[in-house]
Amino acid sequence: MRFRRYVGGQAFAALFAAIAAAGTLMPTVTEAQGALGTVRGTVTNSATGAPLANVQIAIPGTMLGAITSASGAFTIASVPAGNQVARARLIGYQPVDKPIVVTAGATTTVTFALTVSALSLDEVVVTGTGGSARKREVGNSIAQVKIAEVPEIPSNVTNLLSGRLAGVTVGGGVGNAGSGSAIRLRGTTSVSLTNQPLIFIDGVRTRSDEYPRNGIFTGTTQRGANSNSSPLNDINPDDIDRIEIVKGAAAATLYGTDAAAGVIQIFTKRGAGGAAKWQVRFNGGVSSLQKFGTDSVPLLFMDPFLRNSEGSGWIPGLDNYAARYGTQVQVSGGTGDNLKYLLSTNIENVDGVLPNDRDRKYQVRANLDFQPMKKLAMNWSSAYTNNLIDQTPAGNNAQGLTLNAFRRDRNYFGNANPDTIRKVLAQQLATNIDRLIMGLTSTWTPFTRFSSRLTVGLDRAALENRNVRPFGFPAAPLGVIQNQRWSNVTLSTDWVNNYDFNLGSDLKVTASAGTQYVNSNVGDVVALAENFATPSDPTVQSGAIKNADENRQRVITGGAFGTILMGFKDRYFVTVGGRIDGNSAFGKDFGLQFYPKINGSWVLSEESFWKEKYGTLKLRGAFGSAGRAPGAFAAVRTYNQVGWGTTTAVRPANLGNPDLGPERTTELELGFDQTLFSGRTSVDFTYFNATTTDALFSVRSVPSEGFLANALRNVGEMNKSGIELAVNHDVINRESWGLKAGVNLTTNDSRVVSLGGAPAFTVGNSGWVVEGKQAPVVRGKLIRNADARGVAPDTVSNHDFGPSQPTRIIGGNINIRGWKNVSLSVRGEYQGGAFIEEGASFNALSRSVLWPTCFDAYANIAAGKPITARETLTCIPANVRTDMFIFPADFFRIRDISLTVPLGKLIPRTASSTFVFSAQNLFRRNFGMPLFDPEMTNNDSFNATVRGINEQIPAPAIFQMSLRISY
């Protein structure tokens, strides 16, 4: 009882003293509360001047802070007056502290220009892991493109990747509006299947292969523009936050049977808490076809047919140009963590340099993040694109513009008059693409350290190709019409469970397990009619002769995976895992496929013996496998239904193979990530060695079985290896100006190890699969004394020139930042080591067309002077052969030159604004190829195993201006 009285007395005395002290200090506190001010400002990327969202701004020594909005703006109220420090932090960028003086009752303005961190080990990545992981924990190479760091105005997603990352090759496009380009990650993985990587958008599996081209399905199928659109072109680049790329099988194991060619994950922007923030973008510019011929004939006789050509336009200095313009509006915001939203709409119009070419895009996106329950988070992503494409007949097309223009008086009109050739422009080639991508991700965290994430996705791509050669069209005077309705619906689910736990104080374990399911349905119905009775606008019903075709296929892939990530002392990490897969395209006797993986990393720079002057260093290694499934019906014995008069019959088609399985690629990857010179230099190095076993090769069937066509068999083995090096250096980084430079180096050497007893076979465009040679190799006739004059040509037939894919790629970039953060950036790329068949010259010269590469030879022949051995074989029509037109595809190209001017609040009533001028694809120099652009393709589409070139035009140069305004 005395103890209680004692405590009570002490407490009473303490309470009395506290009240007295509070009374004494009350005026002081009141005075201090009155000495408060406001800190306001913006945060931008130092290289591009673009605003940075989600940057944490803090006043050290206080509990005050803010997070920047989408416009990069922030406001901190009630900051104590006097000398303070404003601190800006964002993962992936170097932190910045700035001293400020806060004045009572006033607003202090401070601006930050953050520089990308050379190596951020705690940055979170998603691709290639069961859940999300920090970079320090990942043992394989993951390349990233952050849109906020891209200085140029991106014309499409494919161009975002070209020449920017080691190990990533983009090419195979043509100059028609709406055409796409191929993406190759570490070169060729298969010679029988697609080499396009898998595409995921916000965790939703989407279509990666090209859309069907607008051509005629019977007879001569090239009657069209002979260009294919890419599903990647349906994505608005301004909606993207970042792109993560897994380049090899060692990291793609968790994606299973379809992932041997790599994986591209696209993550779109999300909303942030707070009031609505608006961003508006206005784009405008022109496209212009650049030189792809000789100095005397730079545009290969296409001059009269280009839009706004021969001085008919109003832009001085451009021989031809086509307008492009667009507008985007984006709004984002939210109420705390319970609801965040981002809505955007985009309208874009691109006129092509060819007269009928036009691409109109209408895009809408809605991203919603909400939390219906305390332990349940939901993320909704949706995007709709309507793409209306009109094209000019082109390519190796006897009824097209380019072929008849190239061949002049030797064309299918027998007339070089431009007005005569323009008659082909009466053909209508219209494509309507409707694309809807939706995904819902729910993340349930029932208790600490455990989470369960389920993503359900839908990708529906519907296309209508309408191809009309009207009544009176040359070579089809009674007219032809075709209408194609094609669709691809992909349903996918991805369920991932993660559990974190500790074994002692130093060992952390993350266990992940889950399943994936992908169901892809393709439907294709084509109707064709010929011979109209009148010149009125036709429908399929208008024709006297009608034909139809229908194709349907469904491919299902299902798999389950499990991984364990172990981290010791937060610097030693090992991940072990695997996936079991099944696919409907496997043979009935094949069963399931297992793909294992193991990778590890060691943050060496966090060891006690490491000296700070050596920078930051992470060593990494990975080993794993992934596959590529055969075509939907490759394992099935099939017959074609045919008729003879009124009698029905079937014809043997594919022999089938009950043991048919996927190609299997196993890869070893070793590398390191390092920073030097106080973080000013970053080095990213990777060595890879990948072997594809059970490669699908075309094997001759035994004739006695009744199936004469070749059939796919898992008989081959191929290997590819190389290095990837990326070095970036912050040369000068001062408050007023700076200079950055970077270089990427990629090498790739491939070999066909074994044909499994099958004979060498061609895969088109002079590409061959030959044991011991590159996979594939370009083969043709070598002229050994090509430059010798007045002597007989010395030739070798079936000479193996070299690979069809580049073996060395060097990319470089320079960024100069000056007054008021105005910046100038230049990005270029060199590709070398590949060879390509150039068929347009053969087609022209074999038909006695007076061709620019032979102008000197014609003059020398007329003057009685000797000509070279190459000219003897290529400029005299009787000697011309197709396999003599194989050239090195080496080139250097300026990918982009961009000027970025931050305008701040120059425009009244705005939070910030930025002006950007960008020139893309401005300059190219070939090394060995006399004509055309080595990145072009022909009628085979950009996804051909071996590209060739024929009567197309290259992708044009683009000059664009963009004004980006934030409210």
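The residue from Thr327, Thr914, Asn346 that alone fulfils the side chain to side chain donor-acceptor pair (under 3.5 Å) condition with Arg281 is Asn346. Tested against Glu152 for a side chain to side chain donor-acceptor pair (under 3.5 Å), the candidates Arg827, Gln920, Arg895 yield a single pass: Arg827.
The two residues Pro934 and Asn926 have their closest heavy-atom pair at CD-OD1, 3.3 Å. The two residues Ala166 and Thr746 come nearest to each other via the heavy atoms CA-OG1, 3.3 Å. The two atoms that bring Leu922 and Ala957 nearest to each other are CA-CB, 4.3 Å, heavy atoms only. Residues Phe74 and Ala66 share a closest heavy-atom pair of CB-CB, 4.3 Å. The two residues Gln84 and Val102 have their closest heavy-atom pair at CG-CG2, 3.9 Å. In terms of heavy atoms, Leu676 sits closest to Tyr614 at CD2-O, 3.5 Å.
Take Thr807 and apply the side-chain contact (heavy atoms from CB on, under 4.5 Å) test, not counting sequence neighbours, and it matches Pro803. In this view, Thr335 and Leu339 satisfy the side-chain contact (heavy atoms from CB on, under 4.5 Å) rule, not counting sequence neighbours.
Contact annotation: the side chain of Gln330 approaches that of Leu342 to within less than 4.5 Å [non-hydrogen atoms, C-beta and beyond]. The shortest distance between side-chain heavy atoms of Phe267 and Ile243 does not fall below 4.5 Å. Looking at heavy atoms from C-beta onward, Leu160 lies in side-chain contact with Ile147 at the 4.5 angstrom threshold. Counting heavy atoms from C-beta on, the side chains of Gln960 and Asn283 come closer than 4.5 Å. The shortest side-chain heavy-atom distance between Phe915 and Met961 falls under the 4.5 Å cut-off. Val263 is listed as a side-chain neighbour of Phe200, based on a closest heavy-atom distance under 4.5 Å. Annotation: side chain of Ile235 is in contact with side chain of Leu232 (closest heavy-atom distance under 4.5 Å). Within the 4.5 Å cutoff, the side chain of Gln144 has heavy atoms near those of the Lys146 side chain.
Ser825 and Asn813 are not linked by any side-chain donor-acceptor pair at a separation below 3.5 angstrom, with hydrogens and angles left out of the test. Side-chain N/O atoms of Asn733 and Arg817 include a donor and acceptor closer than 3.5 Å. Looking at Thr686 and Arg620, their side chains do bring a donor and an acceptor atom within 3.5 Å of each other.
A donor-acceptor distance shorter than 3.5 angstrom exists from the side chain of Asn921 to the backbone of Ala955, with no hydrogens or angles considered. Between the side chain of Asp369 and the backbone N or O of Lys340, no donor-acceptor pair lies under 3.5 Å. Without hydrogens or angle criteria, Thr675 side chain to Thr616 main chain gives a donor-acceptor distance under 3.5 Å. The main-chain N or O of Ile723 is found under 3.5 Å from a side-chain atom of Thr747 such that the two form a donor-acceptor pair. When atom types are taken as modelled, the side chain of Arg680 and the backbone of Asp730 share a donor-acceptor pair closer than 3.5 angstrom.
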* Walk me through it: do Asn815 and Leu824 pass the test side-chain contact (heavy atoms from CB on, under 4.5 Å)? => CA-CA 6 Å; Asn815 184 283; Leu824 176 68; over 6 Å; no

* Trace of the salt bridge (charged side-chain N to carboxylate O under 4.0 Å, His left out) decision for Arg186 with Glu669 -> CA-CA 12 Å; Arg186 293 180 177 168; Glu669 181 183 296; 3.1 Å; yes

* **Worked check of side-chain contact (heavy atoms from CB on, under 4.5 Å) between Glu935 and Arg924** => CA-CA 11 Å; Glu935 290 192 289; Arg924 184 198 78 253; over 6 Å; no

* After noting the C-alpha distance and the side-chain angles of Asp684 and Lys618, does the key distance pass the salt bridge (charged side-chain N to carboxylate O under 4.0 Å, His left out) rule? -> CA-CA 10 Å; Asp684 184 329; Lys618 184 189 89 169; over 6 Å; no

* Asked: Arg242 and Glu244: salt bridge (charged side-chain N to carboxylate O under 4.0 Å, His left out), yes or no, with the steps?
  -> CA-CA 7 Å; Arg242 71 186 190 281; Glu244 294 181 4; 3.0 Å; yes

* Determine, step by step, whether Thr268 and Asn367 satisfy the side-chain contact (heavy atoms from CB on, under 4.5 Å) criterion, reporting the C-alpha distance in whole Å, the side-chain angles of both residues, the deciding distance to 0.1 Å, and the verdict. => CA-CA 8 Å; Thr268 61; Asn367 288 350; 2.9 Å; yes

* To do: Apply the test side chain to side chain donor-acceptor pair (under 3.5 Å) to residues Arg270 and Ser381: give CA-CA distance (whole Å), side-chain angles for both, the deciding distance (0.1 Å), then the verdict.
  => CA-CA 9 Å; Arg270 317 299 300 190; Ser381 300; 2.7 Å; yes

* Asked: Should Arg324 and Ser287 be marked as a side chain to side chain donor-acceptor pair (under 3.5 Å) after you check the CA-CA gap, both sets of side-chain angles, and the distance that decides it?
  -> CA-CA 7 Å; Arg324 52 191 305 137; Ser287 304; 3.0 Å; yes

* **Derivation and outcome, side chain to side chain donor-acceptor pair (under 3.5 Å), residues Asn236 and Gln328** => CA-CA 10 Å; Asn236 181 8; Gln328 172 171 306; 2.3 Å; yes

* Test Ile814 against Lys740 for side-chain contact (heavy atoms from CB on, under 4.5 Å), laying out the working first. => CA-CA 6 Å; Ile814 296 175; Lys740 293 182 178 181; over 6 Å; no

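Rounded to the nearest 0.5 angstrom, Tyr572 OH and Leu604 CG are separated by 8.5 Å. In this structure, Leu745 CG and Ile810 CD1 are separated by 5.5 Å, a value rounded to the nearest 0.5 Å. Atom CZ in Arg571 sits 13.0 Å away from atom CH2 in Trp610 (nearest 0.5 Å). Between atom CG of residue Leu165 and atom CD1 of residue Ile809 there is a gap of 11.0 Å, rounded to the nearest 0.5 Å. In this structure, the separation between CD1 on Ile264 and CD1 on Ile199 is 4.0 Å, given to the nearest 0.5 Å. With values rounded to the nearest 0.5 angstrom, Ser332 atom OG is found 10.0 Å from Trp278 atom CH2.
Ion pair Arg136/Asp673 not flagged as a salt bridge, since none of the NZ, NE, NH1 or NH2 atoms sits closer than 4.0 Å to an Asp/Glu carboxylate oxygen. Between Lys269 and Asp202 there is no salt bridge, since none of the side-chain N atoms of the basic residue sits less than 4.0 Å from a carboxylate O of the acidic one. Electrostatic pairing of Arg164 and Asp896 does not count as a salt bridge here, judged by no charged N lying under 4.0 Å from a carboxylate O.
Surrounding CZ of Phe677 are at most 12 heavy atoms belonging to other residues, nucleotides or ligands under 6.0 Å away. In the displayed structure, Gln56 atom CD is contacted under 6.0 Å by at most 12 heavy atoms of other residues, nucleotides or ligands. Within 6.0 Å of NZ on Lys98 lie more than 12 heavy atoms contributed by other residues, nucleotides or ligands.
Between Tyr830 and Phe892, the distance from one ring center to the other does not fall under 6.0 angstrom.
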